[in-house]
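This is a predicted model, so every value here is computed, not measured. Both backbone and side-chain heavy atoms feed into the values below; hydrogens, waters and symmetry mates do not.
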Amino acid sequence: MTLRIHDTLSREKVDFVAHDAGHVRIYVCGPTVYDYAHIGNARPVVVFDVLVRLLRRLYPKVTYVRNITDIDDKINNAARETGEDIRSITMRTTEAFHVDMAALGALPPDVEPRATEYIKEMQAMIEDLIAKGHAYEAEKHVLFNVPSMPQYGRLSRLDEREIIAGARVDVVPYKRDPQDFVLWKPSDAETPGWDSPWGRGRPGWHIECSVMSAKHLGDSFDIHGGGQDLIFPHHENEIAQSLSAQGSGTFAKYWMHNGYLMAEGKKMSKSLGNFYTVHDLLDEFPGEAIRLLLLKTHYRQPLDFTKGGLREAKTELDRFYGVLRSADDLGALGDDIPTGTVDALGDDLNTPLALSELHKIVSDMNKSGGDSKVAVKGQLLAAGGVLGLLQQNPEHWFRWQPKATGGGLGDEAIETLIAERRKARANKDFACADEIRDRLAADNVFLEDSTNTTTWRRG
């Protein structure tokens, strides 16, 4: 199949052609680790997780790099406000990020570089940019000389006035041009810093990704991804640095960006009560429901993330897992993704259409029997797998419960009550059986009777 993607640089949907048909390379900007990841941070993780899963089905080797930004003014500010050591903040929040993203079914990247491990390489690139006339030192800062690169602004397609306004650049006397941006800045005694030819200081944000992508993927690689909010200035500045240092025709061949995210119809804000971290949402909803909701809207479109939508996503997954549970005694043949799912994802990662294909497979499964049903179950699992869905044991899915209700009946107690109810029904004591069913329902546990057995799920 031909994979088609929307390339932000050309503003067109294009056929994806890898630099090396035997090895696809992709870089995605990762989190700045100063607090729990919010749902807007999670969207690109899930989107590009699906892309990487698809690429691994199409190509023999894929290298996926997603960085950790562990030196940043937001981290420094968090340390000043809380008194917590910076290293402690970044280690703690990185671990929380890993746990939260795993709960969303996101596979870890092949390489996860931390910015603080590449300071020498950043200094070397900065020295190279100075030597080539693309950067200059001024008052212990090093700045990129934007007018030295005529193509600057091609990705964001902003004119000079918009660039100056959008960058929110301070008017400072040491800048040669108001568009120029920082590659290196001085650090005081309270701020993390490293010795350099320009004095003790720390890197600017943009130089970090230019260096880490080149280190692990080479000067030229296939796809650079991230959220739409990173197009300017972050990705625009990465292009300027990398092309100026490495030469024309290098760096990322294609650029992919996911759309903005709102919550409950408004921009996320703590003051509005709609600022959702993944960490907090996982207390109320299973991670797979969060993932499904993120995939129900095409990645390039704006997404309104709501708790009502999460409840609907969980109900939808209940139906999927209910079908898989009913076929639990059947094997599953093969792992080939159904053509409809492949075609949907191959058309610029159309996850809403791919999900509709899952519903068609469920419909086919309900109509099938015998060997045919086994084959259709295999299709459902394979289609779910490339989306990162439907990979857990149905019993585990139905036994999940929110942390807020974690003090309810345990699995063993539920099984004991079901056994008592079975005996009551066998003795035709239907009043007792109904009483047990009602007691379980009051505890948010719902029974489903079939000819030979009774299964249960938490609501």
Side-chain angles (χ1 to χ4, degrees), residues 7-10 19 25-29 65 67 69 71 113 115 118-164 166-170 172 174-186 194 196-198 201-226 230-257:
D7 175 33
T8 306
L9 188 61
S10 66
H19 278 293
R25 298 168 176 87
I26 176 170
Y27 184 93
V28 176
C29 288
V65 179
N67 74 292
T69 296
I71 173 68
Y118 297 85
I119 300 298
K120 288 184 178 179
E121 290 88 345
M122 293 175 201
Q123 292 177 353
M125 181 176 273
I126 292 170
E127 288 183 296
D128 188 33
L129 288 168
I130 292 173
K132 291 175 177 175
H134 293 293
Y136 59 93
E137 181 184 1
E139 297 187 19
K140 297 183 179 181
H141 292 74
V142 180
L143 298 107
F144 185 86
N145 179 17
V146 169
S148 74
M149 187 188 178
Q151 309 98 315
Y152 189 83
R154 276 199 313 148
L155 182 70
S156 57
R157 301 196 178 185
L158 301 176
D159 62 29
E160 183 176 335
R161 195 178 315 172
E162 291 172 311
I163 287 171
I164 294 171
R168 299 182 181 88
V169 234
D170 295 329
V172 287
Y174 53 79
K175 281 191 176 185
R176 294 179 183 174
D177 187 282
Q179 301 174 89
D180 294 349
F181 58 88
V182 172
L183 301 173
W184 188 265
K185 51 191 172 184
W194 290 262
S196 80
W198 320 288
R202 60 199 191 278
W205 175 32
H206 315 301
I207 196 71
E208 298 174 5
C209 288
S210 283
V211 165
M212 288 184 284
S213 61
K215 179 73 174 180
H216 293 286
L217 299 175
D219 291 350
S220 298
F221 56 95
D222 296 296
I223 297 173
H224 195 316
L230 298 182
I231 294 175
F232 185 86
H234 185 50
H235 289 167
E236 193 74 74
N237 292 351
E238 278 189 67
I239 292 173
Q241 296 158 165
S242 296
L243 294 188
S244 297
Q246 296 161 184
S248 178
T250 60
F251 206 41
K253 185 175 183 180
Y254 304 104
W255 290 83
M256 295 179 69
H257 294 92

Any donor and acceptor pair, going by atom type alone, linking the side chain of Gln246 with main-chain N or O of Asp219 inside 3.5 Å?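 At least one qualifying donor-acceptor pair exists.
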Review point. For Pro113, does its backbone N or O pair with a side-chain atom of Asn67 as donor and acceptor, under 3.5 Å?
Key: no
Please report the shortest heavy-atom distance between [X] and [Y], naming the atom on each side.
| X | Y | value |
| --- | --- | --- |
| Thr250 | Ser242 | OG1-O, 4.1 Å |
| Ser148 | Gly133 | CB-O, 3.9 Å |
| Ala240 | Ser244 | O-OG, 2.7 Å |
| Met256 | Ile223 | SD-CG2, 4.0 Å |
| Leu217 | Val65 | CD2-CG2, 3.7 Å |
| His235 | Gly225 | CE1-O, 3.9 Å |

- Query: Do Pro203 and Trp205 come close enough that some side-chain heavy atom pair is under 4.5 Å?
  - Reply: no
For this session: Indicate the ring-plane relationship of Trp255 and His257, choosing parallel, tilted or perpendicular according to the 30° and 60° boundaries.
Result: parallel
Inset, instruction - Can you label the angle between the Phe232 ring and the Tyr152 ring as parallel, tilted or perpendicular, going by 30° and 60°? - result: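 Geometry flag for Tyr152 against Phe232: perpendicular rings.
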Review point. For the rings on Tyr136 and Phe144, is their centre-to-centre separation under 6.0 Å?
Key: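 No, ring centres 6.0 Å or more apart.
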Q) When the ring centroid of Tyr118 is compared with that of His216, is the distance short of 6.0 Å? A) yes
task: Determine whether more than 12 heavy atoms belonging to other residues, nucleotides or ligands lie under 6.0 Å from atom NZ of Lys140.
output: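 12 or below, so no.
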Practice item. Decide if atom NZ of Lys132 counts as having more than 12 heavy atoms of other residues, nucleotides or ligands within a radius under 6.0 Å. Key: yes
Given side chain to side chain contact (heavy atoms under 4.5 Å, CB included), test Leu243 with Gln151 step by step and report yes or no. CA-CA 10 Å; Leu243 294 188; Gln151 309 98 315; 5.5 Å; no
Rounded to the nearest 0.5 angstrom, the CG-CE distance for Leu129 and Met149 is 11.0 Å
